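Written out below as structure tokens is the structure these notes cover.
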Amino acid sequence: MPTEPCADAPEVGRETRLQLLRLMLLQRYAEERIMSLYRQGRIVGSVYTGYQQEAVGAGAGLALGPDDVALPLNREQACHYARGVPVAHVLRNFLGKATGPTFGRDGNMHFGVPEHGIFPLVSMLGDLCPVAVGAALAFKRRREPRVALTFFGDGAMSTGDVHEAINLAAVLQVPVVFVVQSNQYAYSTPTNRQTVNTNLAERLRGGWSIACERVDGTDALAVYTAARAAIERARAGGGPQAIEAVTLRGHGHAAHDDARYVPSELRERFQDPIERLAARLAADGLAPAEIDAVRQRAREEVAAALDEAEAAPAPDPATLLHGVYADPISS
Amino acid sequence: MPTEPCADAPEVGRETRLQLLRLMLLQRYAEERIMSLYRQGRIVGSVYTGYQQEAVGAGAGLALGPDDVALPLNREQACHYARGVPVAHVLRNFLGKATGPTFGRDGNMHFGVPEHGIFPLVSMLGDLCPVAVGAALAFKRRREPRVALTFFGDGAMSTGDVHEAINLAAVLQVPVVFVVQSNQYAYSTPTNRQTVNTNLAERLRGGWSIACERVDGTDALAVYTAARAAIERARAGGGPQAIEAVTLRGHGHAAHDDARYVPSELRERFQDPIERLAARLAADGLAPAEIDAVRQRAREEVAAALDEAEAAPAPDPATLLHGVYADPISS
Amino acid sequence: MLYIEAIRAALRDALLEDERVFLLGEDIGHFGGAFGVTKGLWEEFGDERVIDTPICEEAFAGAAAGAAWMGERPVVELQFADFISCAFDSIVNVAAKTHWRSGIRLPFVIRAPFGGGVRGGPFHSQCPEGWFIGVAGLKVVCPGSVDDAYGLLRAAIEDDDPVLYFEHKALYRRLDGAAPDRATRTALGKGRIARAGSDATVVTYGAGVDLALRASEGLDVEVLDLRTVWPLDRTLVLESVERTSRVLVLQEPARSSGVAPLVCSLVAEEGFVHLDAPPSIVAPPDTPVPFAPELEDAYLPTPERVRGALEELLAY
Amino acid sequence: MLYIEAIRAALRDALLEDERVFLLGEDIGHFGGAFGVTKGLWEEFGDERVIDTPICEEAFAGAAAGAAWMGERPVVELQFADFISCAFDSIVNVAAKTHWRSGIRLPFVIRAPFGGGVRGGPFHSQCPEGWFIGVAGLKVVCPGSVDDAYGLLRAAIEDDDPVLYFEHKALYRRLDGAAPDRATRTALGKGRIARAGSDATVVTYGAGVDLALRASEGLDVEVLDLRTVWPLDRTLVLESVERTSRVLVLQEPARSSGVAPLVCSLVAEEGFVHLDAPPSIVAPPDTPVPFAPELEDAYLPTPERVRGALEELLAY
Ligand SMILES: Cc1ncc(C[n+]2csc(CCOP(=O)(O)OP(=O)(O)O)c2C)c(N)n1
Ligand SMILES: Cc1ncc(C[n+]2csc(CCOP(=O)(O)OP(=O)(O)O)c2C)c(N)n1
Ligand SMILES: [Mg+2]
Ligand SMILES: [Mg+2]
């Protein structure tokens with residue numbers, strides 16, 4: 001099947017389209033490098049990518065305002081880039097560097113970037129949702145026109161934390177946006193073994209009484225448009241909002257998982273979000289060379305970032321006890 | 001407003017109606033005695049009643065078959081009676097007696113009766129729901145035509161445990177029945193501060209894709225009929241079922257709470273389930289004297305049970321360590 | 001002023017002095033909380049400072065962290081400390097680890113009414129502080145006096161780390177004292193000598209302080225009130241044991257849980273040369289907390305049991 | 001046979017021999033589990049014996065309790081032991097307390113892959129066993145050998161109490177040994193002398209056993225493998241210390257958590273007169289588990305660190 005361009009979204013200008021493309025490419029290329037470093041043993045532990053889900057983090061991240069805050073997960077590296085996090089900073093974390101966002105204390109996308117309004121991923125699925133609600137509660141109490149946005153997967157929706165958080169948000173009517181990464185699988189478990197109704201937007205509306213639009217998660221313009229609308233509704237006092245972005249996890253759960261359990265028929269139903277946006281830009285009349293230039297610049301940005309990250313110092317074991325407490329107790 | 005009889009339910013025979021009346025009366029009279037013992041300081045700690053919610057425990061409990069199991073809470077004393085638990089056994093628990101169901105180790109309705117297929121209440125709201133699902137899973141695995149039935153309140157529905165349990169039950173399609181005690185309050189918190197949509201049956205259908213009938217919880221015949229249908233659907237392989245029984249908590253949350261926060265307009269909307277069933281029986285043609293006789297026998301049963309319970313021995317502190325483990329480790 | 005009133009006063013003063021402070025919990029608004037701790041605060045401060053929540057301990061503990069991230073200073077009330085098990089995950093993984101792994105401060109407090117003696121049975125009497133001993137990133141305090149009920153809560157709210165504040169239900173109306181000054185702060189991480197003495201050291205906290213003082217009347221025994229049970233005030237304990245050469249740890253959690261194992265291990269490891277007798281522990285047996293008075297009275301430490309153990313220790 | 005294979009063999013044999021046994025967890029069916037422990041079992045035993053669940057640790061732990069109530073013997077897999085925090089409430093309140101307060105037996109097992117050395121960082125490396133030390137009604141086991149990986153799991157499944165079975169991720173493919181006999185059972189609550197010796201006692205378990213044996217080569221040091229960390233095999237520890245007069249506790253949880261505080265306090269309280277030196281503890285510092293190799297290697301106990309501490313202890 002030929003690549004189907006993103007549906008046109010006239011309200012999304014060319015600048016934004018190009019920016020979305022760039023954000024997705026940064027994630028794509030950074031993850032390519034990460035995977036190869038992992039295979040070489042230069043990144044240790046395990047590695048999760050958001051391959052072919054890049055539109056979701058990019059679209060939702062870019063729809064946020066500068067004072068909004070985000071709580072992204074592993075699949076949403078592009079959300080970090082949308083918030084202005086340098087690629088090198090992300091890579092420093094994968095590489096366990098002292099000057100990375102966790103000072104080498106955690107790996108992967110398990111980090112926050114306080115200066116960009118990003119809270120660190122906590123692995124326990126669901127744990128970030130209550131945190132997002134609390135941040136939104138702070139905005140509401142202080143009458144600040146700010147929004148907290150977080151993500152959870154089809155799998156995480158089965159956790160108590162997600163339920164409690166959404167219900168709490170709905171009762172308190174706080175400006176929080178939940179983006180559901182509905183990527184057909186939680187690890188090896190297909191969504192229909194995770195929940196009876198795999199239309200999660202329907203579930204969210206029916207069970208928690210929050211607005212939830214279901215969008216094509218491989219269409220960056222659609223995600224961006226829906227996220228923007230949700231964010232602005234939340235900002236305007238409309239209470240919590242949700243979006244279900246339907247995608248397919250392009251890689252296995254983590255680097256070790258070949259995802260053999262994903263049937264090829266299913267794979268065929270999902271297209272690459274980057275190519276879809278590129279096709280849209282081409283249909284818009286952008287010259288192929290211009291698109292190639294965007295790709296090229298992103299590739300160069302990642303390459304330079306990797307050099308920078310690899311040059312960063314390793315953490316000093318003597319610092320291990322630093323920062324366990326913000327106010328250390330002397331004894 | 002004069003008492004409105006229970007809606008007629010032709011499929012519920014007179015024996016069953018009388019039995020429902022008896023069960024509700026046992027709870028009512030037992031709780032009256034419990035409250036007065038509490039005020040006298042002869043029951044210690046705190047005391048929760050199911051005043052004016054008796055129809056729910058009675059109706060759901062009586063609808064169970066002998067091999068089914070139940071996991072009732074504080075408000076469903078009548079469910080214990082429906083399962084054949086002697087009133088004296090219940091009272092021995094409130095009185096902290098050695099021969100009570102917890103050997104004096106726990107109070108209130110916080111007890112199980114293994115020989116009657118009843119699991120002990122765990123105070124942490126929601127905790128029993130997963131246990132019920134697991135019991136039902138055992139039945140399904142073994143192809144036994146048995147059902148597990150449990151209860152949760154409008155308040156407990158906000159907990160992660162309830163969400164996780166219902167979703168798990170729905171995915172595994174196990175024979176479990178959830179009875180929602182929708183009694184307008186969780187402690188001092190009205191249901192509309194607990195959740196946006198106070199029609200919990202709608203939420204359960206929309207969010208968790210399980211069948212849920214909403215019934216008048218002051219109508220014992222309606223509860224019984226709905227519970228029976230749900231139980232038999234579950235037994236027949238229809239997967240998890242729910243019922244929302246709409247009532248009003250007649251007393252405060254516990255004995256110390258005067259529930260001043262319940263507006264009198266709300267009180268007026270709910271009638272007494274016992275009087276409603278008595279009115280139905282009267283309308284059916286049962287002589288007042290016969291109804292009085294049921295009341296009288298229940299009162300006597302409770303009085304005799306209290307004598308029996310009070311005569312039971314107090315626990316011996318030397319036994320404190322017994323039974324911490326089923327297989328104790330000798331060391 | 002009663003212990004419970006000191007807690008309320010601390011909340012009120014913090015609400016008055018600092019806009020960033022707000023309260024979050026079940027039935028704490030118009031109802032004033034299950035134990036009445038927040039009585040009157042909703043009337044005085046309104047819906048945005050005293051916020052009733054649905055029943056979702058994990059979510060509102062996490063929400064407190066989120067608000068703290070945004071610079072607020074929320075104070076969460078658990079209806080009973082027992083329900084801290086429901087918020088356990090968020091406390092040990094979000095609250096405890098965030099600063100260490102990101103530099104983000106999460107200044108919030110979880111208030112948890114704990115302890116037995118109120119005939120609450122296994123689910124309304126627990127002392128869960130032991131679960132958090134050793135959890136890096138958390139601070140755990142247990143006021144054992146009216147002054148500390150106030151001073152520790154004020155200090156906890158002003159602290160930049162997440163603090164678990166365990167308030168003893170049985171002390172609410174048992175301890176009475178002068179109203180603490182508004183400036184009272186009890187430094188986190190610092191215990192105090194509740195009574196100086198030279199023949200032995202009793203290390204305790206919470207309801208144990210009053211109990212130890214009563215049980216040791218007439219003896220020349222030093223009573224330490226840890227105040228903060230995690231991280232431990234190691235110096236206080238070790239210096240006292242160095243002087244007295246004998247130590248008894250008194251706690252309300254069961255023998256093998258709680259604070260006693262850590263304190264004992266600290267004294268054994270670092271104070272060994274000073275010890276003239278084995279460390280002694282007075283604590284309930286390893287069972288859940290029983291309901292019936294006959295059982296609970298046998299379970300909990302009593303002045304007689306503490307006295308007996310002290311006399312044995314002194315006679316060693 | 002590898003440690004991981006011994007676990008799989010124990011599951012398989014239990015499934016074969018006892019209809020009541022079934023497995024419950026995330027991705028344990030066709031995928032064979034995050035670490036491949038259950039590989040092949042779904043193919044062999046089918047959907048009703050090897051059951052994939054949604055992501056809901058609290059619910060499936062509770063469901064295991066419910067099935068156990070009905071006479072089944074479920075074995076739950078947590079994907080990582082770290083996620084036990086999500087099931088904490090059900091474990092400490094339902095699993096632990098039910099028999100004591102009702103006489104109902106809840107024979108089920110929670111398997112939890114724990115421990116560091118795999119560059120898992122703070123959320124995929126934790127040793128959470130300490131949270132359950134002292135929780136009356138639970139049993140907690142940590143196999144430190146291929147034989148015990150099999151024998152403890154079989155015994156845990158046959159036991160009438162809820163058992164937490166912590167299997168060390170770093171041992172999965174590191175420990176190799178003869179295939180345990182199908183009749184192998186490791187009694188719960190009983191440790192073993194992994195190597196006899198007379199100059200000091202090392203108390204350890206899990207990955208510590210192999211580490212202690214390596215670190216103490218050439219020394220006349222007794223190494224105890226606790227196997228069951230709760231309830232403790234007090235007799236084994238105390239008898240050994242009585243013989244050796246010196247004790248070192250080696251554990252992977254951070255210093256102030258885990259098992260060491262309890263073991264130390266036990267030795268100090270009851271073995272005091274036999275001690276010729278202060279008890280020594282080798283454990284990581286009180287921080288979360290770090291990710292970067294430079295940090296994790298500094299954090300975890302190593303043979304050198306254990307050796308150093310042992311030599312100090314022997315020289316005391
Ligand atoms: C509470 C909890 N249980 C289990 C895990 C292990 N785990 C990590 S990711 C994952 C699957 C998540 O699926 P989903 O939420 O759909 O997100 P996706 O990976 O598809 O983006 C699992 C089971 C975890 N991190 N937290
Ligand atoms: C997890 C948890 N949080 C708080 C409590 C304290 N508590 C006991 S009952 C109750 C209200 C329950 O409301 P609901 O579920 O509607 O049941 P009802 O009392 O109305 O029957 C609360 C908050 C608890 N038992 N468990
Ligand atoms: Mg998914
Ligand atoms: Mg209610």
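Letters A, B, ... are given to chains in the order of the sequence lines, protein chains preceding strands, and every chain is numbered from 1. Model, not experiment: these values are computed from the prediction.
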Exercise for review: Assess whether side-chain contact (heavy atoms from CB on, under 4.5 Å) is satisfied between Thr98(C) and Val131(A), documenting all intermediate values.
Suggested key: CA-CA 12 Å; Thr98(C) 295; Val131(A) 179; over 6 Å; no
Review point. side-chain contact (heavy atoms from CB on, under 4.5 Å) between Asp159(C) and Tyr325(A): does it pass, once the steps are laid out?
Key: CA-CA 10 Å; Asp159(C) 195 78; Tyr325(A) 294 96; over 6 Å; no
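Proximity to chain C involves both the backbone and the side chain of Val324(A), based on heavy atoms less than 4.5 angstrom apart. For Phe111(A), the part lying under 4.5 angstrom from a heavy atom of chain C is the backbone only. Residue contact with chain A, scored on non-hydrogen atoms closer than 4.5 Å, involves the backbone and the side chain of Lys139(C) alike. For His163(A), no part sits under 4.5 Å from any heavy atom of chain C, backbone or side chain. Contacts of Val237(C) with chain A are absent, with no heavy-atom separation under 4.5 Å from either backbone or side chain. Looking at Ile118(A), only its backbone comes within 4.5 Å of chain C, counting heavy atoms on both sides. Using a 4.5 Å cut-off between heavy atoms, Arg49(C) touches chain A through backbone and side chain atoms alike. With a threshold of 4.5 angstrom between heavy atoms, Pro101(A) approaches chain C through N, CA, C or O but not through any side-chain atom. Residue contact with chain A, scored on non-hydrogen atoms closer than 4.5 Å, involves the backbone of Asp52(C) exclusively. Only the backbone of Leu138(C) comes within contact range of chain A, judged by heavy atoms closer than 4.5 Å.
Across Pro130(A) and Ala59(C), no two heavy atoms sit closer than the pair CB-O, 3.4 Å.
Comparing Arg146(A), Glu144(A), Arg143(A) by how many heavy-atom pairs each has under 4.5 Å with chain C, the most go to Arg143(A). Of the listed residues (Gly112(A), Ala165(A), Pro120(A)), the greatest number of heavy-atom pairs within a distance under 4.5 Å of chain C belongs to Pro120(A). Across Ser123(A), Ala169(A), Gly134(A), the residue that shares the most heavy-atom pairs under 4.5 angstrom with chain C is Gly134(A). Comparing Leu172(A), Leu121(A), Val113(A) by heavy-atom pairs within less than 4.5 Å of chain C, the highest count is held by Leu121(A). In terms of heavy-atom pairs under 4.5 Å with chain C, the best-connected choice from Val69(A), Val174(A), Asp127(A) is Asp127(A).
Rounding to the nearest 0.5 Å gives a distance of 9.0 Å between NZ of Lys140(A) and CD1 of Ile51(C). In this structure, CH2 on Trp100(C) lies 7.5 Å from CG on Asp106(A), to the nearest 0.5 angstrom. A distance of 6.0 Å separates CE in Met124(A) from CG in Asp89(C), rounded to the nearest 0.5 Å. With values rounded to the nearest 0.5 angstrom, Cys86(C) atom SG is found 8.0 Å from Glu164(A) atom CD.
Side-chain contact check for Val94(C) versus Phe119(A): some heavy-atom pair is nearer than 4.5 Å.
Side-chain N or O atoms of Asp160(C) include none that pairs as donor or acceptor with a backbone N or O of Asp327(A) at under 3.5 Å.
Classification of Glu48(C) and Arg142(A) as a salt-bridged pair fails, no side-chain N sitting under 4.0 Å from a carboxylate O.
Identified by a heavy-atom distance below 4.5 Å to chain C, contributing residues of residues 75-83 of chain A are lacking entirely.
Listed by first then second residue, pairs satisfying ring pair (Phe, Tyr, Trp, His ring centres under 6.0 Å) with a partner in residues 124-151 of chain A number zero, not counting sequence neighbours.
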